[in-house]
Amino acid sequence: MKPEIYIKDLSKHVGKEVTLKGWLYNKRASKKVKFLILRDGTGYLQCVVFVGNVTDEVFALADNVSQETAFEVTGIIKEDTRQVGGFELDATDVKLIGESEDYPITPKDHGIEFLIDNRHLWLRSKRQVAIMKIRHRIAKSIRDFFDSRDFTLFDPPIITPNASEGTSTLFEMEYFDLGKAYLTQSGQLYAEAGAMALGKVYTFGPTFRAEKSKTRRHLTEFWMVEPEMAFYNLDDDMDLAEEMLEYIVKSVLKDNKAELEILERDISKLEKIERPFPRLSYSDAIEMLKEEGHDVEWGKDLGAADETIISSKYDKPVMVHRYPAESKAFYMKRDPENEKLALCVDVLAPEGYGEIIGGSQREDDYNKLLGRINEHKLPVDFFKWYLDLRKYGSVPHSGFGLGLERTVTWICGIDHLRETIPFPRMIYRNTP
RNA sequence: UCCGCGGUAGCUCAAUGGUAGAGCAUUCGGCUGUUAACCGAAGGGUUGUAAGUUCGAAUCUUACCCGCGGAGCCA
């Protein structure tokens, strides 16, 4: 029943008769010859059905198949430089597997609302298939990167009673008789416990933010990778982030050339992603913006426009570190050389793609951390276990979070991250 | 939450306040090599909803609904 060969493997079958299974991507027809474009998830193949080469019934069938009809085709594989994949199939038989009537997504233009309404079908289109393959490659390269560096995959809970950065942006639910619980917006606090147990860990899973953000850079459900390392300071943290990003980009360049081409990605931009990446303190970034005549003030977080200006100066990701602590999360350690600064870093992707990583060295002093929790008016009870990590063998430690969809968006060179996850969840959309 | 833009055929879009149209898709016909194939024909409409102005509203006004882009916030 299962296919014996796939389109990606055709080079081994030139001159031989093969049977392929898939769906009709598109069709071009004249009276005596029909061109059926088959897609099977691994590639695209033009199948030529000539009037004399098949029975009349088969020829009539080839004439009638409509877009996205599932069918099986048998024929001889020929090399053909005119075709995208380099091959063509001379059909000797076609069998119908599943009909497709009035498929809504045509090869012409569509609006985004219509496409997202039909996301379950939109995923079949060439561009979406390419993006999903690159997403997969990026996820795999992330796992390979950490796995080969003595990290242990550490899965934090999705349902949590506490908030790492306040409750205003959390999805809330009733948890039996225990009151409110929330969908996690970060596995970091749990990863810290993991780092104290295993040394180096990483989490990789979905996270949730009920932010009312309506931009091309936000989803309410997105995937995040969060490494957490004992005995790493901020510099070590930045070194790791840099090494990981380089590794990811090189993996995609090595294995996804065809997909990048479908997306018309300018590969030369990705080829420049090599260590070292520029590092810039927040204060220097502010100075730089001021010199350019932009209205910025020390102490405020950088806006999206500011980030774009900074990242446009470089053709590599930029690491902006040591932001004013006031606007940052409670768990970040202060810079011992300047208590107003947090030992944190944001990595801004090039070409205006903005923040893809946020990381920091964590506060490892019990009393300072307790003070921060109180300053931020967070419920101390919920953080008792987290404070314990500073009570029993506390060590300097650091970590960061990488947004998977933002990374895919940047590497694919597309303009909205809703295309980088199979079924995007956004503020005004939770279907299909 | 705020600012801006939009909603017309299955889809993408036209249409000075005066008969609602084209391309694609669909159906039928033509074509032996097409690359979003091409050529010809046909069917397809409560112009987001409600009210108002007007002899007459897709077009002007008001309210509402839905969507898109952006800001803030963040990955």
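Sequence lines set the chain letters: A, B, ... in the order given, protein chains first and strands last, and positions in each chain run from 1.
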Does the [X] side chain pair with the main chain of [Y], one donor and one acceptor, at a distance under 3.5 Å?
X: A:Thr207; Y: A:Thr184; answer: no
X: A:Lys27; Y: A:Asp63; answer: yes
X: A:His376; Y: A:Leu378; answer: no

What residues form a ring-ring contact (aromatic ring centres under 6.0 Å, His included) with [X], not counting sequence neighbours?
X: A:Phe145; value: A:Tyr247
X: A:Tyr6; value: none
X: A:His218; value: none
X: A:Tyr323; value: A:Tyr282

> Is A:Arg406 side chain donor-acceptor paired with the B:rC74 base, going by distance under 3.5 Å alone?
Replying inline: yes

Report the distance from atom [atom1] of [X] to atom [atom2] of [N], rounded to the nearest whole Å.
X: A:Leu219; N: B:rC73; atom1: CG; atom2: P; result: 19 Å
X: A:Asp117; N: B:rG48; atom1: CG; atom2: C1'; result: 14 Å
X: A:Phe208; N: B:rC74; atom1: CZ; atom2: C1'; result: 16 Å
X: A:Ile105; N: B:rA36; atom1: CD1; atom2: P; result: 18 Å
X: A:Lys27; N: B:rC24; atom1: NZ; atom2: C1'; result: 15 Å
X: A:Ile427; N: B:rG67; atom1: CD1; atom2: P; result: 10 Å
X: A:Ile138; N: B:rA75; atom1: CD1; atom2: C1'; result: 14 Å

> Would you say B:rG72 has OP1 or OP2 under 4.0 Å from some side-chain N or O of A:His218?
Replying inline: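 No, outside the criterion.
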
> Under 4.0 Å between a side-chain N/O of A:Arg418 and OP1 or OP2 of B:rG69, yes or no?
Replying inline: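 Yes, because at least one side-chain N or O of A:Arg418 sits under 4.0 Å from OP1 or OP2 of B:rG69.
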
Distances under 3.5 Å only, N/O to N/O: pair up the protein atoms with those of nucleotides 7-13 of chain B.
unit_1 : atom_1 : unit_2   : atom_2 : d
B:rC11 : O2'    : A:Asp109 : O      : 3.4
B:rC11 : O2'    : A:His110 : ND1    : 2.4
B:rU12 : OP1    : A:Gly111 : N      : 2.9
B:rU12 : O4'    : A:Asp109 : O      : 3.4

>> Listing request: all salt bridge (Lys or Arg N to Asp or Glu O under 4.0 Å) pairs with a residue in residues 342-356 of chain A, at least two apart in sequence or in separate chains.
In response: A:Arg265-A:Glu351, A:Lys328-A:Asp346

>> Using the side chain to side chain contact (heavy atoms under 4.5 Å, CB included) criterion, which residues pair with A:Glu99? Sequence neighbours excluded.
In response: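 Partners of A:Glu99 under the side chain to side chain contact (heavy atoms under 4.5 Å, CB included) test: A:Leu96.
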
>> Just to verify, what does A:Ile105 make a side chain to side chain contact (heavy atoms under 4.5 Å, CB included) with, not counting sequence neighbours?
In response: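 If we apply the side chain to side chain contact (heavy atoms under 4.5 Å, CB included) test to A:Ile105, skipping adjacent residues, the hits are A:Tyr103, A:His110, A:Phe114, A:Leu115, A:Asn118, A:Leu121, A:Trp122.
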
Would you call [X] and [Y] a salt bridge, using N to O less than 4.0 angstrom?
X: A:Glu292; Y: A:Lys313; value: yes
X: A:Asp364; Y: A:Lys333; value: yes
X: A:Lys21; Y: A:Asp40; value: no
X: A:Glu221; Y: A:Arg209; value: no

Under-3.5 Å N/O pairs linking protein and nucleotides 32-34 of chain B:
unit_1 : atom_1 : unit_2  : atom_2 : d
B:rG33 : N1     : A:Glu88 : OE1    : 3.2
B:rG33 : N2     : A:Arg82 : NH2    : 3.1
B:rG33 : N2     : A:Glu88 : OE1    : 3.3
B:rG33 : N2     : A:Glu88 : OE2    : 2.5
B:rU34 : O2     : A:Arg28 : NE     : 2.6
B:rU34 : O2     : A:Gln46 : OE1    : 3.4
B:rU34 : N3     : A:Gln46 : OE1    : 3.1
B:rU34 : N3     : A:Gln46 : NE2    : 2.7
B:rU34 : O4     : A:Gln46 : NE2    : 2.5
B:rU34 : O4     : A:Gln83 : NE2    : 3.0

> If you look at every heavy atom in A:Val296 and A:Lys290, which pair is closest and at what distance?
Replying inline: O-CE, 3.5 Å

> Looking only at heavy atoms, what is the nearest atom pair of A:Pro278 and A:Tyr314, with distance?
Replying inline: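 Heavy atoms only, the tightest pair is CG-CD2, 3.5 Å.
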
> Where along residues 299-324 of chain A does a heavy atom come under 4.0 Å from RNA chain B, residue by residue in number order?
Replying inline: A:Asp301, A:Gly303, A:Ala304

> Going by heavy atoms closer than 4.0 Å, what residues in residues 340-360 of chain A are next to RNA chain B?
Replying inline: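 When residues 340-360 of chain A is checked for heavy atoms under 4.0 Å from RNA chain B, the hits, listed by number, are A:Glu355, A:Ile356, A:Ile357, A:Gly358.
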
> Are a donor atom and an acceptor atom from the side chains of A:Glu88 and A:Gln83 found within less than 3.5 Å of each other?
Replying inline: yes

>> Given B:rC73, B:rA71, B:rA36, identify the nucleotide with an atom nearest to the side chain of A:Glu211.
In response: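 The answer is B:rC73, which lies nearest to the side chain.
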
>> For a quick check of understanding: with a heavy-atom distance under 4.0 Å over all strands, which category does A:Lys34 fall into, base, sugar-phosphate or nothing?
In response: nothing

> Looking only at atom P, what distance separates B:rC64 and B:rA22, rounded to whole Å?
Replying inline: 37 Å

> Using atom P of each nucleotide, how far apart are B:rG17 and B:rG69 to the nearest Å?
Replying inline: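 So the two P atoms sit 30 Å from each other.
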
> Mind pulling the stems RNA chain B is in, i.e. runs of at least three Watson-Crick or G-U pairs, everything under 3.5 Å?
Replying inline: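 As far as RNA chain B goes, consecutive pairing (with distances under 3.5 Å) yields the stems B:1-7 with B:65-71, B:10-13 with B:21-24, B:26-30 with B:38-42, B:48-52 with B:60-64.
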
